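Written out below as C-alpha cells is the structure these notes cover.
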Number of protein chains: 2
Amino acid sequence: MKTTKKLTIRDIAGAAGVSPATVSLVLNGKGDISGVTRTRVLEAVARLNYVPRSAKGSGEGGSETLRFLKISKHGHTVNRDHSVFISDYIDGMSAEAIRRNYTLEVVSFEGQSISAIAESLTGAPIRGVIALGTELTEDDIRLIQGVGFPTVFIDTFYDVVDANFVDMNNEDAVYKVLSRFRAHGFERIGFVASHVDTTNFRLRQDAFFKNMARLGLKVREDDVLSIESTHEGAYEDTRMLMEGGLDLADCYFCTNDIIAYGFMKALKEFGVQVPADVSIIGFDNLPQSATTEPPLTTIEVSKRKIGYLAVTILDDLINASENQPSVKMLVGADLVLRASDGRDVPRPAPTRLRVAKQLPAE
Amino acid sequence: MKTTKKLTIRDIAGAAGVSPATVSLVLNGKGDISGVTRTRVLEAVARLNYVPRSAKGSGEGGSETLRFLKISKHGHTVNRDHSVFISDYIDGMSAEAIRRNYTLEVVSFEGQSISAIAESLTGAPIRGVIALGTELTEDDIRLIQGVGFPTVFIDTFYDVVDANFVDMNNEDAVYKVLSRFRAHGFERIGFVASHVDTTNFRLRQDAFFKNMARLGLKVREDDVLSIESTHEGAYEDTRMLMEGGLDLADCYFCTNDIIAYGFMKALKEFGVQVPADVSIIGFDNLPQSATTEPPLTTIEVSKRKIGYLAVTILDDLINASENQPSVKMLVGADLVLRASDGRDVPRPAPTRLRVAKQLPAE
DNA sequence: CTCGCGCTTGTTTACTAAACATGGGGAGGA
DNA sequence: TCCTCCCCATGTTTAGTAAACAAGCGCGAG
C-alpha cells in the first residue's frame with residue numbers, strides 16, 4: 001500500500017479526472033492532448049506538488065529542450081507594446097516544438113550584454129536555440145552562434161552572414177503597401193522612418209525606396225520623416241514636425257503600428273483628418289489597430305508561421321548528420337484593409353489636381 | 001436499411017473485428033495500426049470487394065501525388081550538361097515525399113508553352129506541384145500558380161511575386177567567391193556573365209556588383225564579360241574575345257561551371273595558365289569540376305536540401321486549413337577549394353605591381 | 001550490507017468513442 | 001422531367017484509454 005505521502009501519477013490522474021496514460025502523455029508532451037485537458041493535468045500536478053519517481057535533480061527532459069532567447073538590448077522595439085507578437089512567435093514555436101517532442105523554454109534578457117547571453121548558453125542542457133534577433137547586430141549574431149548550438153534567428157535577416165534566419169518579407173510587404181497607395185492615385189507617397197536602427201526597420205526603409213522605384217514612383221526627400229519609435233516619442237516628434245510647418249504628403253507608410261498611432265494622434269491635434277487629408281498605413285497589425293480612430297490599415301505578418309518554421313529549421317539542424325547549408329526564409333505578409341488608407345473616403349483637397357493613373361488589377 | 005449490395009466501412013469493420021475508425025485509418029495509412037490488424041482489415045476489404053463511396057475511377061492513390069514539372073523552355077540551362085543537378089533536386093524531393101507518404105511523379109516539358117503546361121495540370125489527380133523555375137519568367141510563374149494547385153518553385157526567385165520559392169542563396173555564395181579572391185590579394189576581379197537571361201544568372205550578376213561594393217572592391221567595366229552558356233559557345237566566345245586582344249583581369253568568377261570549362265579551355269589554347277596567369281572560380285560543383293585541368297574551385301549548392309525543403313513547404317501548403325503566407329527560402333552554399341583559384345600558385349606577373357591588402361580572417 | 005526478486009510506477013502502443021465533415025440521395029416544387 | 005435543397009449516411013479525425021511493456025525501487029533473506 002502506498003503511503004499518503006508519496007504521490008504517483010495515478011493520484012494525479014484521479015485528481016485531474018483522466019487516465020494515468022494521459023498524465024504521462026501530458027508530462028512528456030506526447031500524444032494528442034487538448035489544451036483543456038493538458039491544463040487540468042498540469043494544475044493537478046502543481047496543486048499536489050507531484051514529483052515523478054525517476055525525477056533527476058534538475059535535468060528533467062533537458063536533453064530535448066529548445067531555448068528561446070527573448071533578447072531586448074535597448075527596449076525600443078522589444079517591449080510591452082509588442083508583447084503580442086512575441087507571444088505569437090512563442091505560440092508558433094511552442095506548438096511545433098511539442099509536436100516534435102521538444103520542450104520550449106523561454107529565457108528573457110533585458111539590457112544584458114550579448115557575451116553574458118552567450119555565456120548563459122554554455123553547458124546548458126538544451127538541444128538548440130532560437131534567438132529573437134530584432135535588436136541584434138551582425139556581430140551579436142556571430143557571437144551567439146559561436147557558442148556552438150544549432151541556432152535559428154527570427155525577426156531579423158542579414159545578407160552574407162552564414163546563419164539561419166526566419167523573418168518577415170519586408171520587401172514584398174512594402175510593395176503591397178505602395179501598390180495600394182498607387183491604386184488610390186496618390187502622387188506624394190511619404191515614409192515615416194524610425195530613429196531606432198533595427199534590421200527590419202532598415203529593410204523596410206530600403207524596401208520603400210526600392211519599391212517606389214520599381215513602381216515608377218518618385219520619392220520627395222522631405223516626404224521621408226524620421227521619428228521616435230515609442231508611442232509617446234512618435235507623437236511628440238510629429239507634433240514638432242507639424243509645428244515646424246510640415247508640408248504633408250498625400251499618404252504615409254509608417255515603419256510600424258506604434259509609430260503610426262503616435263503619428264496619427266499628433267496629426268489629429270493639428271486638425272489633420274485621416275484618411276481625408278492624409279492616408280496612413282502601418283505595419284504589424286497589433287490588436288489595437290482595429291480600434292484606433294480611424295481603424296488602421298496595416299500589414300499583417302504571420303508571426304506564428306515564423307515561429308513554426310523556426311522550429312522546423314532548427315529540428316533539421318539538430319537532427320542533421322552532416323554540416324548543413326544555412327537557410328534563410330522570408331515569410332510573406334498580407335495587407336489588412338481598414339479605414340486609414342483612404343479607400344472609401346475621397347480626399348477633399350480641391351487645391352491640388354490629382355492625376356489618375358492606370359490602376360493595377362486588384 | 002442498407003442492402004446487401006452496398007457495402008460500407010462498417011461492414012468491413014464488423015468483418016475484420018475492429019471499429020470503423022480503424023478501417024478508415026488503415027485505408028488512409030494513418031494512425032498507429034499494427035501489421036496484424038492492418039492485414040486483417042485489408043483482407044476483409046478484398047474478400048468483400050469493398051469500394052469506398054467516394055472512390056474515383058482511376059484515382060487510386062492519385063490524390064497523394066506530387067508532380068515535379070521539369071521545364072526547359074529554351075534548353076540553354078536545363079539540358080544534359082546539368083542533368084546531375086536536376087537529379088539531385090529529384091533525390092531530395094523524392095526522399096522527403098516518400099517520408100511524407102506522397103508519390104513524386106516527374107513530368108518533363110521541352111519547348112512547350114507555359115499555357116500548355118498549365119493546361120496539363122488542369123484536372124490532374126495530384127495534390128501539389130513543384131516547378132523547376134530556372135527558365136521561367138514572372139508571368140510564367142503566375143500562370144502556373146493560377147491553375148490553383150499548391151505550388152512551390154525551385155531554382156528561381158522573384159521579389160514581390162506572391163509565390164513560394166526555394167532557391168540557392170546566390171548573394172551569400174558570390175560573397176564567398178569574392179572574399180576568396182580578395183584574400184588572394186587580387187585587384188582586378190572579373191566576372192564572366194552569360195548571354196542567357198535566367199533568374200539565377202541575373203541574381204548572380206547582381207550579387208557580383210553588390211558584393212564588390214560591400215567588400216570595397218572596384219569593378220572595371222571591361223572585366224565583366226558575357227559569353228554563351230553552353231560549353232561550346234563559351235569556348236568559341238572566349239576564343240573570339242582573346243583574338244580581339246582581351247586584357248585579362250587577375251581572376252574571374254564565372255556564372256556557372258559549364259561557362260568556366262569553356263572559358264578555361266579557350267584560355268589554355270592562347271597560352272594562358274590557370275591559375276598562374278588568371279584564377280577562375282565557377283558555380284555549381286558539377287562532378288566534372290573535380291577532374292578539369294586544373295580542378296575547378298567552385299560553389300557547391302545543396303540541391304538535395306532544396307528539393308527536401310520544397311516538399312516540406314508544399315506539404316504545409318497542402319495541409320493548411322487556411323490561406324498561408326508565401327514563403328521564400330534561400331539555401332546557403334559552400335566554396336569548394338581546388339586548384340583553379342590560385343591559392344598555392346603565385347601569379348608570375350612581374351610587370352604588374354600587386355598591392356597587398358589586409359586579409360580578412362579565413 | 002548486498003543481492004535478487006517482485007511489485008510499483010511510468011511509458012508506450014494501438015485501438016475506439018464520439019464528434020465532425022462531406023456528399024449522395026430523396027423529396028418536393030416548378 | 002429536371003433542378004434545388006435538406007437530411008442523413010458514410011467516412012474521417014480527434015483525443016482519450018486499456019493493456020502491455022519497461023525500468024527501477026524497495027523489501028526480504030542470507
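Treat the numbers as computed from the prediction; the structure is a model and nothing was measured.
Atom CG of A/Leu25 and atom C1' of C/dC15 are 14 Å apart (whole Å). Taking atom CD1 on B/Ile33 and atom P on C/dA14, their separation rounds to 9 Å, with Å as the unit. What separates CG of A/Leu7 from P of C/dG10 is a distance of 9 Å, to the nearest Å. As rounded to whole Å, 5 Å separates atom P of C/dG10 from atom CD1 of A/Ile9. Between B/Arg10 atom CZ and C/dT16 atom C1' the separation is 13 Å, expressed in whole Å. Straight-line distance from the CG atom of A/Asp32 to the P atom of D/dT17: 13 Å, rounded to whole Å. Atoms CD1 (B/Ile12) and P (D/dG11) sit 9 Å apart, rounded to a whole Å. Rounded to an integer number of Å, the gap from B/Asp11 CG to D/dA9 P is 14 Å.
The residue B/Leu27 sits apart from the nucleic acid: no heavy atom pair falls under 4.0 Å. Within 4.0 Å of B/Ser24, counting heavy atoms only, lies at least one base atom of the nucleic acid.
Set against C/dC15, C/dG10, D/dT17, the side chain of A/Val18 has D/dT17 as its closest nucleotide. In the set C/dC15, D/dG16, D/dA15, C/dC15 carries the atom at the smallest distance from any side-chain atom of B/Thr37. Closest to the A/Ser19 side chain, of the nucleotides D/dT17, D/dA15, C/dG10, is D/dT17. Candidate nucleotides D/dT17, C/dC15, C/dT11 were compared by shortest atom distance to the side chain of A/Asn28, and C/dT11 ranks first. Here the side chain of B/Thr8 is nearest to one of C/dC15, C/dG10, D/dT10, namely D/dT10. The side chain of B/Ala21 approaches C/dA17 more closely than any other nucleotide in the set C/dT11, C/dA17, D/dT17. For A/Ser34, the side-chain atoms get nearest to D/dA15 when compared with the rest of C/dC15, D/dA15, C/dT11.
B/Lys30 has a side-chain polar atom (N or O) that falls below the 4.0 Å cut-off from OP1 or OP2 of D/dT13. Taking side-chain N and O atoms only, A/Tyr50 has a distance below 4.0 Å to OP1 or OP2 of C/dG10. Considering only side-chain N and O atoms, A/Thr22 lies under 4.0 angstrom from the phosphate OP1 or OP2 of D/dT17.
Between the side chain of A/Asp11 and the backbone N or O of A/Leu7 there is no donor-acceptor pair closer than 3.5 Å.
Under the 4.0 Å criterion applied to side-chain N and carboxylate O atoms, B/Asp162 and A/Lys176 are assigned as salt-bridge partners.
A/Thr292 and A/Ser289 share no side-chain donor-acceptor pair at under 3.5 Å.
Legend: salt bridge (Lys or Arg N to Asp or Glu O under 4.0 Å) pairs involving residues 296-310 of chain A, not counting sequence neighbours, sorted by first then second residue: A/Asp91-A/Arg304, A/Asp284-A/Lys303.
Of all non-hydrogen atoms in A/Thr151 and A/Ile144, the two that sit nearest each other are CG2-CG2, 4.3 Å.
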